[in-house]
Amino acid sequence: MGGTFDPIHYGHLLAAEEARRFLNLERLIFVPTGEPPHKRDHKVTSCEDRYAMTLLATAGVLEYSVSRIEIDRKEATHTVDTLREFIRSGIEPRDLYFITGLDAILSITSWFEYEKIPELCTLVTARRPGYPVSKIDSLPKFIRDKLEYIEIPQFAISSTEIRQRARDGRGIRFLVPHLVEIYIESNNLYRS
Ligand code: NAP
């Protein structure tokens, strides 16, 4: 499961768990992005903080782990390289699923070597009930053919909203796991 996770929240965890159950996945590996070159709208929190929060959010769940694969990469991180690295480690493309948000998937045609991605994995994304299918229809057919959807209950929560609430001093309790809330507060993240 790939994402910036700035910060990780219950929406991500819910989508991850639904995907794990629906696809009967043996393992779920969270892959926080490195310093993403494509982020322009806000300064992304350091990858070590995002990695730490992802560890705290997933600790104790047997099937979950967190990978440093993109954080430790010195160059710009591209999903295609991450998938290739998992395949090199012995995972067959037919057993590899890349789970991420729908808005991210909708921009896939701008990703580095995106044409190769459907050969390397099955794409999985969470679709909220009632999401307009026309947007998805605009994706090339070879992408749509390798796209699986999981339906998650309406859950209006986003990292952007959580950062804003933290900045404004409004609470973030029950939007993120308790240890992530403590981490954000004690490290003064998103305050300025
Ligand atoms: P983003 O633009 O920050 O997020 C787009 C939308 O998807 C947001 O609504 C976001 O919600 C949601 N989202 C992101 N990750 C999610 C997840 N794991 N589960 C559910 N919703 C999720 O996207 P991003 O985080 O930068 O990128 C997502 C993934 O696409 C990453 O793995 C990234 O490496 C990959 N990507 C690759 C390339 C490339 O190869 N060139 C380019 C762009 C993205 P929140 O804000 O609440 O998370």
Side-chain angles (χ1 to χ4, degrees), residues 1-9 11-20 22-23 25 27-45 47 50-51 54 66-89 91-152 154-161 163:
M1 180 175 223
T4 308
F5 301 134
D6 189 18
I8 189 161
H9 54 67
H12 300 130
L13 295 170
L14 192 62
E17 186 56 18
E18 282 295 295
R20 189 189 70 78
F22 180 67
L23 298 164
L25 305 178
R27 285 195 295 154
L28 214 139
I29 308 167
F30 289 79
V31 185
T33 57
E35 306 300 346
H38 60 286
K39 290 278 165 192
R40 302 260 183 268
D41 54 339
H42 77 281
K43 190 181 172 306
V44 172
T45 307
C47 45
R50 293 183 289 106
Y51 173 71
T54 309
V66 186
S67 167
R68 292 187 59 91
I69 200 168
E70 295 197 353
I71 288 173
D72 289 341
R73 196 175 292 146
K74 296 287 171 279
E75 322 82 63
T77 64
H78 298 121
T79 298
V80 75
D81 298 326
T82 301
L83 294 169
R84 284 181 179 135
E85 223 165 306
F86 280 121
I87 289 166
R88 267 197 298 276
S89 78
I91 304 176
E92 295 284 337
R94 66 165 183 275
D95 294 331
L96 188 57
Y97 294 79
F98 179 69
I99 312 165
T100 196
L102 179 53
D103 289 339
I105 291 286
L106 289 174
S107 72
I108 196 170
T109 53
S110 67
W111 297 8
F112 181 65
E113 291 189 11
Y114 76 95
E115 308 92 329
K116 300 277 184 336
I117 292 177
E119 295 165 19
L120 303 176
C121 69
T122 302
L123 294 159
V124 183
T125 192
R127 181 171 55 180
R128 291 197 205 94
Y131 195 91
V133 280
S134 55
K135 287 197 177 181
I136 299 160
D137 283 348
S138 64
L139 289 172
K141 185 171 180 317
F142 74 97
I143 304 269
R144 278 184 281 131
D145 286 348
K146 286 299 289 285
L147 192 54
E148 292 255 15
Y149 300 103
I150 40 160
E151 299 276 355
I152 55 164
Q154 198 90 24
F155 203 65
I157 178 174
S158 71
S159 299
T160 308
E161 164 80 8
R163 289 194 301 273

Looking only at heavy atoms, which two atoms of Thr33 and Cys47 are closest? And how far apart? O-CB, 4.1 Å
Around atom CZ of Arg27, are there more than 12 heavy atoms of other residues, nucleotides or ligands at under 6.0 Å? no
Can you see which heavy atom on Trp111 is nearest to which on Ala104, and at what distance? CZ2-O, 3.3 Å
With side chain to side chain contact (heavy atoms under 4.5 Å, CB included) as the test, would you mind laying out the steps for Phe22 and Val124 before giving the verdict? CA-CA 11 Å; Phe22 180 67; Val124 183; over 6 Å; no
Any chance you could measure Asp6, atom CG, to Thr45, atom OG1, to the nearest 0.5 Å? 3.5 Å
List the atom pairs, with distances to 0.1 Å, where a side-chain N or O of residues 12-19 and a protein N or O form a donor-acceptor pair under 3.5 Å, not counting sequence neighbours.
{"unit_1": "His12", "atom_1": "ND1", "unit_2": "His9", "atom_2": "N", "d": "3.1"}
{"unit_1": "His12", "atom_1": "NE2", "unit_2": "His9", "atom_2": "NE2", "d": "3.3"}
{"unit_1": "Glu17", "atom_1": "OE1", "unit_2": "Arg20", "atom_2": "NE", "d": "3.1"}
{"unit_1": "Glu17", "atom_1": "OE1", "unit_2": "Tyr64", "atom_2": "OH", "d": "2.4"}
{"unit_1": "Glu17", "atom_1": "OE2", "unit_2": "Arg20", "atom_2": "NE", "d": "3.3"}
{"unit_1": "Glu17", "atom_1": "OE2", "unit_2": "Arg20", "atom_2": "NH2", "d": "2.8"}

Are Thr125 and Leu106 close enough, and set up right, to give a side chain to side chain contact (heavy atoms under 4.5 Å, CB included), and what steps lead you there? CA-CA 10 Å; Thr125 192; Leu106 289 174; over 6 Å; no
Can a salt bridge be assigned to the pair Glu70 and Arg50 using a cut-off of 4.0 Å between side-chain N and carboxylate O? no
Could you measure the distance from the CG atom of Asp145 to the CG atom of Leu123? Nearest 0.5 Å is fine. 11.0 Å
Result of checking Ile87, Ile91, Val80, Leu83 against Cys121 for side-chain contact (heavy atoms from CB on, under 4.5 Å): Leu83
Is the side chain of Thr100 donor-acceptor paired with the backbone N or O of Gly2 at a distance under 3.5 Å, no angle test? yes
Yes or no on side chain to side chain contact (heavy atoms under 4.5 Å, CB included) for Ile105 and Leu139, after CA distance, side-chain angles and deciding distance? CA-CA 9 Å; Ile105 291 286; Leu139 289 172; 4.0 Å; yes
Pair Phe30-Ile8, side chain to side chain contact (heavy atoms under 4.5 Å, CB included): steps then yes or no: CA-CA 10 Å; Phe30 289 79; Ile8 189 161; 4.1 Å; yes
To the nearest 0.5 Å, how far apart are OH in Tyr114 and CZ in Phe142? 5.0 Å
Distance from Ile99 atom CD1 to Thr122 atom OG1, nearest 0.5 Å? 10.5 Å
I need the Lys135 NZ to Leu102 CG distance, nearest 0.5 Å. 8.0 Å
Nearest 0.5 angstrom please: Thr54 OG1 to Arg68 CZ, how far? 11.0 Å
Is Arg163 close to Pro7 at the side-chain level, that is, under 4.5 Å between some pair of heavy atoms? yes
Tell me, do Ile117 and Glu113 make a side-chain contact under 4.5 Å, heavy atoms counted? no
Can you name the nearest heavy-atom pair linking Ile71 to Pro32, along with the distance? CG1-O, 3.9 Å
Quick check: do Ile69 and Phe86 have side-chain heavy atoms less than 4.5 Å from each other? yes
Nearest non-hydrogen partners of Ala76 and Arg73, listed with the distance: O-CD, 4.1 Å
